[in-house]
Amino acid sequence: MGTLTSCSFSTVNLRLCSGPSANDHNKERFPAFHPRKMKKKETSYFLCKGISTKEVSFTNFIRIRCLSTKNDSHSDIENNNDKKDAAIKDSIVKTVQPEDNGGRAANDFGSDEPPASVPSTPPTISPVGQAYNNFQVDSFKLMELLGPEKVDPTDVKLIKDKLFGYSTFWVTKEEPFGDFGEGILFLGNLRGKRENVFAKLQNQLAEITGDKYNLFMVEEPNSEGPDPRGGPRVSFGLLRKEVSEPGPTTLWQYVIALLLFLLTIGSSVELGIASQINRLPPEMVKYFTDPNAIEPPDMELLFPFVESALPLAYGVLGILLFHEVGHFLAAFPKKIKLSIPFFIPNITLGSFGAITQFKSILPDRSTKVDISLAGPFAGAVLSFSMFAVGLLLSSNPTAAGELVKVPSMLFQGSLLLGLISRAILGYAAMHAATVSIHPLVIAGWCGLTTTAFNMLPVGCLDGGRAVQGAFGKNALVGFGLTTYTLLGLGVLGGPLSLPWGLYVLICQRAPEKPCLNDVTEVGTWRKAAVITAIFLVLLTLLPVGDELAEELGIGLVTTF
């Protein structure tokens with residue numbers, strides 16, 4: 001029994017049969033193997049790959065697929081052909097131990113009797129055995145080349161030997177790290193204050209490997225208990241920079257951002273036109289308010305109202321831009337790069353806000369909280385200023401010509417904003433079928449509502465980022481499930497809860513990646529700011545029921 005896996009032949013006279021009539025005999029029996037005379041100074045080479053078999057005779061040997069090439073430059077091989085022929089034959093016999101099966105000849109190479117049946121052409125090797133295994137290995141290698149680049153094993157050994165140790169972090173175990181397991185997570189025991197150890201390891205990593213890897217300090221997964229020094233147990237993750245750092249903004253992303261911004265301008269102008277519903281032609285009002293209306297009226301009728309809709313559109317766009325400026329102003333001192341904003345148009349509010357991505361890895365959770373809160377804070381300040389000034393102008397008789405009438409039931413959409421409007425405009429003005437307000441009230445209302453939606457603690461919204469930075473991933477999961485439940489039940493946002501929930505699921509559901517230092521907690525005042533912001537968000541998005549609205553004087557629910 002033997003296995004012939006691979007062998008190379010450097011001669012040509014592989015005599016298959018013995019005897020004076022071997023050549024003639026082989027021509028008749030084996031037309032695929034016609035021997036020919038070799039020219040002088042000509043050498044043939046055979047690169048063969050065999051298959052495993054219990055009995056390797058001549059019948060099995062011809063199943064070996066061979067590749068023959070010629071080389072005319074090896075004259076020394078020509079002089080020793082006869083000697084090499086004998087050596088090759090002996091090596092084959094020694095490598096393949098034939099066994100007698102059913103009285104057949106043990107050595108078919110030297111037998112005068114040909115085998116019972118031999119196919120005229122060598123059969124094709126089926127993709128099984130060693131060849132199939134090689135194909136699998138090649139497929140895995142191709143997948144590795146197409147996938148994210150993994151950490152070099154030699155670098156892992158170097159880092160374990162020179163980076164970690166008794167004075168910093170004693171490694172006891174290694175696990176895959178990253179979205180696709182392309183990194184290494186080092187588990188072990190911390191030997192000092194985590195912030196000091198992490199800073200030391202980062203400096204040493206740059207000295208050892210240069211600008212090649214990013215080191216993350218994260219909470220140890222499936223930890224059995226806290227660290228003896230206090231706080232959670234930590235681990236250190238290693239990823240290549242080209243894998244862990246976000247890629248640059250592409251040309252197509254710029255094009256998409258520009259198109260979305262143009263659509264947002266259109267939806268903001270549409271909001272300004274809709275706010276003048278008491279001035280629009282009856283056929284236009286019917287089209288916008290009657291759900292059974294199918295055929296649109298002549299849109300040229302709206303052109304006279306575009307100019308008067310621009311101030312409201314400017315207000316909505318100004319709030320959106322101010323929101324994004326807040327993010328960039330908070331990121332600039334920390335040298336954090338942000339992507340261009342991708343505005344999401346909406347005909348009810350003018351816009352759902354914008355998607356802004358981090359283009360740099362955040363150094364710590366405090367930075368994530370600061371950048372996440374800066375945008376909503378800036379947008380909320382400008383929105384509330386417009387809202388308050390608009391309410392004051394609404395109660396001023398000299399500004400009556402600029403006022404628009406809106407249904408009073410719209411103020412039931414927000415408990416907080418409804419109460420503020422009731423306090424400034426008074427009971428008599430609010431307890432009516434329609435309320436005359438300045439367009440700035442609508443702009444401020446839409447801006448505050450959009451800001452509140454973006455501050456919901458779910459996914460990678462501003463609120464989700466802030467909660468993850470202030471309280472960790474586990475807290476974000478709990479907040480997110482609660483938020484999805486409230487949106488699904490319509491408790492938050494009223495009629496806008498369903499489209500906003502779909503928007504979050506499609507565009508913003510995934511949480512942010514960890515910071516380099518994803519363990520050190522933020523200060524108390526940052527946590528308090530996040531909790532206060534979420535509380536104001538709930539009051540802003542909580543609608544007012546009919547009975548409570550009747551008692552508070554927010555809108556006219558029943559008429560007599």
Side-chain angles (χ1 to χ4, degrees), residues 140-141 143-223 226-248 331 333-337 357-368 371 468-469 472-473 512-522:
F140 293 148
K141 290 182 179 179
M143 293 175 64
E144 290 180 358
L145 292 175
L146 296 178
E149 192 170 359
K150 295 186 177 181
V151 177
D152 191 346
T154 58
D155 290 338
V156 175
K157 185 178 183 305
L158 180 65
I159 290 171
K160 288 178 62 178
D161 294 339
K162 295 188 177 182
L163 186 66
F164 299 110
Y166 287 103
S167 61
T168 54
F169 185 79
W170 183 254
V171 178
T172 59
K173 188 179 179 182
E174 299 175 18
E175 292 183 358
F177 181 69
D179 297 334
F180 302 98
E182 65 275 20
I184 300 294
L185 181 66
F186 298 97
L187 291 83
N189 300 317
L190 191 65
R191 301 299 178 90
K193 188 177 180 180
R194 56 174 59 92
E195 289 79 11
N196 298 336
V197 170
F198 182 58
K200 183 177 180 180
L201 292 178
Q202 283 184 310
N203 295 331
Q204 292 180 349
L205 179 65
E207 296 176 359
I208 296 174
T209 62
D211 193 28
K212 188 176 181 181
Y213 296 102
N214 278 322
L215 186 67
F216 297 81
M217 183 170 66
V218 298
E219 295 186 15
E220 181 179 313
N222 304 321
S223 177
D227 191 273
R229 294 177 176 81
R233 295 182 61 88
V234 301
S235 301
F236 294 93
L238 188 70
L239 286 174
R240 300 183 71 95
K241 284 201 171 184
E242 58 267 25
V243 174
S244 56
E245 294 184 352
K334 305 290 183 68
K335 298 181 180 180
I336 302 299
K337 297 179 181 179
Q357 302 170 337
F358 290 118
K359 289 300 181 178
S360 301
I361 300 180
L362 301 181
D364 48 43
R365 290 162 55 175
S366 297
T367 303
K368 176 176 285 190
I371 298 176
Q468 183 181 1
K473 290 183 178 180
E512 292 289 335
K513 291 185 177 181
C515 307
L516 291 177
N517 180 0
D518 205 47
V519 179
T520 301
E521 296 185 356
V522 303

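Fair warning: this is a prediction, and the values are worked out from it, not measured in the lab.
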> To the nearest 0.5 Å, how far apart are NZ in K212 and CD in E242?
Replying inline: 8.5 Å
>> Once rounded to the nearest 0.5 Å, what's the spacing between atom CG of N517 and atom CD1 of I361?
In response: 13.0 Å
> Is the number of heavy atoms from other residues, nucleotides or ligands within 6.0 Å of NZ (K241) greater than 12?
Replying inline: yes
>> Just verifying a value: how many Å separate L158 CG and T154 OG1, rounded to the nearest 0.5 Å?
In response: 7.5 Å
> Quick check: are there more than 12 heavy atoms from other residues, nucleotides or ligands sitting under 6.0 Å from CG of N203?
Replying inline: yes
>> Test of understanding: with side chain to side chain donor-acceptor pair (under 3.5 Å), list the residues that count as partners of S235, not counting sequence neighbours.
In response: none
>> Counting C-beta onward and ignoring hydrogens, is there a side-chain heavy-atom pair between I208 and Y213 closer than 4.5 Å?
In response: no
> Angle class for the F236/F198 ring planes (parallel below 30°, perpendicular above 60°, tilted otherwise)?
Replying inline: parallel
> Within the distance-only criterion (no hydrogens, no angle test), does the side chain of R233 pair as donor or acceptor with the backbone N or O of L187 below 3.5 angstrom?
Replying inline: no
> If every non-hydrogen atom of S167 is compared with every non-hydrogen atom of K200, which pair is closest and at what distance?
Replying inline: OG-NZ, 3.9 Å
> What distance separates K162 NZ from E207 CD, expressed to the nearest 0.5 Å?
Replying inline: 11.0 Å
> Between the main-chain N or O of K337 and the side-chain N or O of S360, is there a donor-acceptor pair closer than 3.5 Å?
Replying inline: yes
>> Using every non-hydrogen atom in the two residues, find where V218 and P514 come nearest and quote the distance to one decimal.
In response: CG1-CB, 4.5 Å
> Can you tell me how far CG of L163 sits from OG1 of T168, rounded to the nearest 0.5 angstrom?
Replying inline: 6.5 Å
> Does the side chain of C515 come within less than 4.5 Å of K368's, by heavy atoms?
Replying inline: yes
>> I need the minimum non-hydrogen distance between E175 and P221, along with the two atoms involved.
In response: OE1-CG, 4.3 Å
> L215 and L238: side-chain contact (heavy atoms from CB on, under 4.5 Å), yes or no, with the steps?
Replying inline: CA-CA 5 Å; L215 186 67; L238 188 70; 4.2 Å; yes
> Within a strict 4.5 Å, meaning less than it, do heavy atoms of the V234 and V197 side chains meet?
Replying inline: no
> Is there side-chain contact between V171 and F169, with at least one heavy-atom pair below 4.5 Å?
Replying inline: yes
>> Tell me whether R365 contacts the main-chain N or O of G469 through its side chain, where contact means a donor paired with an acceptor under 3.5 Å.
In response: yes
>> When you compare the side chain of F358 with that of I336, does any pair of heavy atoms fall below 4.5 Å?
In response: yes
>> With heavy-atom distances below 4.5 Å as the criterion, would you say the side chains of T520 and M217 are in contact?
In response: yes
> Would you say the side chain of T209 lies within less than 4.5 Å of the side chain of D152, judging by non-hydrogen atoms?
Replying inline: no
>> Could you go through V156 and F186, starting from their C-alpha distance and side-chain angles, then the distance that decides it, and tell me whether this counts as side-chain contact (heavy atoms from CB on, under 4.5 Å)?
In response: CA-CA 10 Å; V156 175; F186 298 97; 4.2 Å; yes
> With a 3.5 Å cut-off and no angle check, do the side chains of S366 and D364 form a donor-acceptor pair?
Replying inline: no
>> Less than 4.0 angstrom from a charged side-chain N to a carboxylate O is my criterion; do K160 and E174 meet it?
In response: yes
>> Minimum heavy-atom separation for G188 and T172, please, with both atom names.
In response: CA-OG1, 3.4 Å
>> Evaluate L239 against F177 for side-chain contact (heavy atoms from CB on, under 4.5 Å), listing each step before the verdict.
In response: CA-CA 8 Å; L239 286 174; F177 181 69; 3.8 Å; yes
>> For the NZ atom of K473 and the CG atom of D518, what is their distance to the nearest 0.5 Å?
In response: 6.0 Å
>> Regarding S244 and N214, do their side chains bring together a donor and an acceptor under 3.5 Å, going by distance alone?
In response: yes
